[in-house]
Amino acid sequence: MNKIKNPILPGFNPDPSIVRVDDDYYIATSTFEWFPGVQIHHSKDLVHWRLLTHPLTRVSQLDLRGNISSGGVWAPCLSYCDGSFYLIYSNVRSYKGVFKDVHNYLVTAENIKGPWSEPIFLNSSGFDPSLFHDTDGKKWLVNMLWDHRKAKVIEQSNPDDGANEDEHASIRGCFAGILIQEYCPKSKQLIGPVRNIYKGTEIGLVEGPHIYKKNGYYYLMTAEGGTFYKHAETMARSKNLFGPYELDPSNPILTSAEKPELELQKAGHASLVETQNGQWYMVHLCGRPLKSDTEPKLRCMLGRETAIQRCYWTDDEWLRVEGGNAPSLYCEAPDLPEHEFAPEPVRDDFDCDELGVHFSTLRVPAGTSWLSLKERPGCLRLKGRESLASLHEQSLVARRLTSFKYQVTTYVEFEPESFQQMAGLVCFYDVQNYFYLRISLDEKLGKHLGIVACDNGSYEELTEHEVQLGNQAGCFLRMDLDNGNLQFSYSLDEKDGKKIGPSLDATRLSDEYCKDGCFTGTFVGICCQDISGARKQADFDFFEYKEL
């Protein structure tokens with residue numbers, strides 16, 4: 001029998017929600033401050049996956065402008081009922097400190113590719129909303145409850161070694177249980193009483209609820225322990241939707257906690273699916289920390305990813321992961337016909353009318369006021385806007401990093417007239433953490449190429465490695481990653497490549513290290529800034545992403 005290799009969705013693809021519609025499987029994952037909102041991957045065999053679409057493509061559906069790093073879209077829930085897809089999602093405007101400003105919405109579509117409806121506001125009581133379609137036709141929203149009165153702010157956060165996860169979460173004590181309320185599709189609003197049906201286990205930090213119904217039981221599956229190295233998935237059940245819920249005696253049903261030898265860490269935040277043949281699978285969040293023989297860093301620079309495990313039901317009707325409750329790198333594939341997708345090209349020559357599906361922009365959609373694929377055919381033109389520190393209007397186009405070994409190359413033509421104008425190739429985690437190989441202008445050097453690094457907000461220009469470009473119209477820019485070591489290089493003719501700057505520690509671009517955010521992952525892309533406001537343009541001829 002074939003094996004499935006984990007993770008099935010490598011790179012920043014956390015909080016998976018899976019649904020089967022006939023012979024098709026879809027997984028929705030969180031996108032946080034990146035636009036468009038929510039990634040939906042597609043498979044027919046649970047082995048091979050492709051990025052299919054993004055449902056949140058309009059500002060009217062998702063307004064991220066000004067959202068803090070690692071805010072935005074948290075934990076979408078994708079479901080299907082009566083010929084329609086339902087997508088529930090959060091837009092988290094703030095989450096640091098005592099309060100969380102989080103608003104939950106619903107959009108629907110008859111086709112997974114859309115068009116998706118305008119959003120219906122649901123509530124703001126907590127995050128990780130999920131929609132349960134009961135067999136009697138009623139629909140129920142569940143989400144975790146945030147109680148700010150119980151909050152205790154802990155100063156220490158983002159421990160590199162992953163040892164103190166209670167401290168990694170900056171807030172403790174306010175995960176106050178799982179709420180449920182009926183949703184009325186006719187009036188398009190929540191109706192009836194709000195009930196707190198479940199407080200979780202002794203692991204604590206109960207979130208990520210999903211309800212399933214099987215053989216007369218309501219199964220409430222939740223994530224606990226925080227989304228880092230103590231993450232876990234737990235189960236409870238009841239004959240009554242509103243409880244009381246009986247805890248699974250073998251909780252947690254999935255976890256990597258206290259198992260440092262596992263390659264898949266942070267296992268939790270799961271979702272279930274049953275195949276056409278009655279086989280059960282669980283998709284879940286995981287992380288792959290880079291480790292060193294001399295000094296383990298435990299930094300997940302690819303972010304939180306999605307893996308899958310095969311499951312079964314015991315005679316006493318509890319769910320179990322095959323092989324035990326630890327996540328495995330490989331699991332048995334279902335008894336389904338193999339379905340591979342055509343390989344995706346490694347190079348985008350920008351000869352289409354729209355950006356490729358793998359590209360994202362930061363907080364705002366790709367608009368003609370700052371991005372064009374038509375003004376210079378065969379090129380992506382970016383008009384410089386605010387700095388890489390901006391939470392509002394950046395001219396940045398990037399894609400997820402999905403491998404520990406890769407090579408990215410682009411060609412850019414840019415004629416800066418001021419030191420406030422920059423364009424180039426960036427390796428980016430958030431507005432406080434990035435490495436940037438950029439062309440700019442200096443009073444002494446003239447037009448030149450140099451590296452900018454930002455380390456938790458500490459800005460540095462590596463001036464000793466700058467290269468004068470003179471009247472050179474364009475330049476090939478390249479970055480190579482080898483297990484956390486990032487090397488920039490450049491070429492004036494695409495043949496004679498030269499390294500620029502030292503080998504950089506790209507593991508800094510990770511959830512564990514970055515203090516401004518801690519829930520996303522590394523992106524690689526191209527960008528242009530014009531802090532003077534003149535909107536100086538840069539033309540990029542192609543973007544090539546090779547996994548090595």
Side-chain angles (χ1 to χ4, degrees), residues 34-36 54 57 344-388 390 392-399 407-428 436-441 446-450 452 467-479 488-497 523-546:
W34 292 91
F35 208 97
H54 299 85
T57 59
E344 296 178 343
V346 298
R347 177 166 166 149
D348 190 329
D349 285 305
F350 299 129
D351 52 5
C352 296
D353 291 336
E354 296 181 353
L355 285 175
V357 69
H358 288 282
F359 284 118
S360 296
T361 55
L362 200 58
R363 291 181 176 82
V364 295
T368 56
S369 66
W370 64 274
L371 181 153
S372 176
L373 289 159
K374 297 179 180 180
E375 289 184 12
R376 183 178 176 182
C379 287
L380 173 62
R381 173 166 289 176
L382 297 181
K383 297 177 182 178
R385 296 191 297 172
E386 295 177 346
S387 73
L388 282 176
S390 173
H392 294 85
E393 294 183 347
Q394 288 207 37
S395 298
L396 186 155
V397 176
R399 59 157 296 157
Q407 183 182 94
V408 174
T409 310
T410 191
Y411 176 80
V412 58
E413 292 185 0
F414 183 57
E415 295 298 335
E417 299 172 332
S418 162
F419 71 93
Q420 293 180 309
Q421 298 168 341
M422 295 159 273
L425 186 61
V426 67
C427 194
F428 186 94
Y436 184 20
L437 178 62
R438 55 89 176 106
I439 297 171
S440 189
L441 190 76
K447 181 179 175 180
H448 68 284
L449 182 66
V452 170
V467 175
Q468 291 178 285
L469 296 177
N471 295 323
Q472 184 72 27
C475 187
F476 293 89
L477 308 179
R478 196 175 93 184
M479 66 173 79
F488 284 119
S489 58
Y490 73 101
S491 172
L492 302 182
D493 58 8
E494 201 175 11
K495 297 179 181 178
D496 184 23
F523 281 69
V524 289
I526 50 183
C527 57
C528 182
Q529 298 81 37
D530 190 343
I531 309 170
S532 75
R535 299 173 72 85
K536 188 69 177 180
Q537 67 191 32
D539 290 335
F540 295 86
D541 183 60
F542 68 90
F543 185 88
E544 187 175 84
Y545 176 91
K546 291 182 181 178

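Remember, it's a predicted structure, so these values are computed and weren't measured experimentally.
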Going from [atom1] on [X] to [atom2] on [Y], what distance comes out if it is rounded to the nearest 0.5 angstrom?
{"X": "Arg535", "Y": "Ser369", "atom1": "CZ", "atom2": "OG", "result": "5.5 Å"}
{"X": "Ser387", "Y": "Gln420", "atom1": "OG", "atom2": "CD", "result": "11.0 Å"}
{"X": "Leu441", "Y": "His448", "atom1": "CG", "atom2": "NE2", "result": "7.5 Å"}
{"X": "Asp541", "Y": "Arg347", "atom1": "CG", "atom2": "CZ", "result": "6.5 Å"}
{"X": "Phe414", "Y": "Lys536", "atom1": "CZ", "atom2": "NZ", "result": "7.0 Å"}
{"X": "Lys374", "Y": "Thr368", "atom1": "NZ", "atom2": "OG1", "result": "9.0 Å"}

> Just one of Asp349, Asp351, Leu380, Val412 clears the side chain to side chain contact (heavy atoms under 4.5 Å, CB included) bar with Phe542, so which one?
Replying inline: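 Passing option: Asp349.
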Considering all heavy atoms of both residues, which atom of [X] and which atom of [Y] are nearest to each other, and what is their separation?
{"X": "Val357", "Y": "His54", "value": "O-CE1, 3.1 Å"}
{"X": "Trp34", "Y": "Ser360", "value": "CE3-CB, 3.8 Å"}
{"X": "Phe35", "Y": "Pro365", "value": "CE2-CB, 3.4 Å"}
{"X": "Tyr545", "Y": "Val408", "value": "CD1-CG2, 3.7 Å"}
{"X": "Gly356", "Y": "Asp348", "value": "N-OD2, 4.2 Å"}
{"X": "Phe540", "Y": "Thr410", "value": "CD2-OG1, 3.7 Å"}

Any donor-acceptor N/O pair, [X] side chain to [Y] backbone, under 3.5 Å:
{"X": "Arg385", "Y": "Gln394", "answer": "yes"}
{"X": "Ser395", "Y": "Gly384", "answer": "no"}
{"X": "Ser440", "Y": "Gln421", "answer": "yes"}
{"X": "Lys546", "Y": "Val346", "answer": "no"}

> Is it the case that more than 12 heavy atoms not belonging to Asn471 sit under 6.0 Å from its CG atom?
Replying inline: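 Result for CG/Asn471: open.
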>> Let's go through Leu469 and Leu492 carefully: what are the C-alpha distance in whole Å and the side-chain angles of both, what is the deciding distance for side chain to side chain contact (heavy atoms under 4.5 Å, CB included) to 0.1 Å, and is it a yes or a no?
In response: CA-CA 9 Å; Leu469 296 177; Leu492 302 182; 4.1 Å; yes
Going by heavy atoms in the side chains, are [X] and [Y] under 4.5 Å from each other?
{"X": "Val452", "Y": "Val426", "answer": "no"}
{"X": "Leu477", "Y": "Leu449", "answer": "yes"}
{"X": "Phe428", "Y": "Val524", "answer": "no"}
{"X": "Cys527", "Y": "Val397", "answer": "no"}
{"X": "Gln529", "Y": "Leu396", "answer": "no"}

>> Going by salt bridge (Lys or Arg N to Asp or Glu O under 4.0 Å), Glu413 matches just one of Arg381, Arg376, Lys447. Which one?
In response: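 Going through the options one by one, the only one that passes is Arg376.
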> Taking it one step at a time, do Leu437 and Arg478 satisfy side chain to side chain contact (heavy atoms under 4.5 Å, CB included)?
Replying inline: CA-CA 9 Å; Leu437 178 62; Arg478 196 175 93 184; over 6 Å; no
>> Can you classify the ring geometry of Phe543 versus Phe359 as parallel (below 30°), tilted (30 to 60°) or perpendicular (above 60°)?
In response: perpendicular
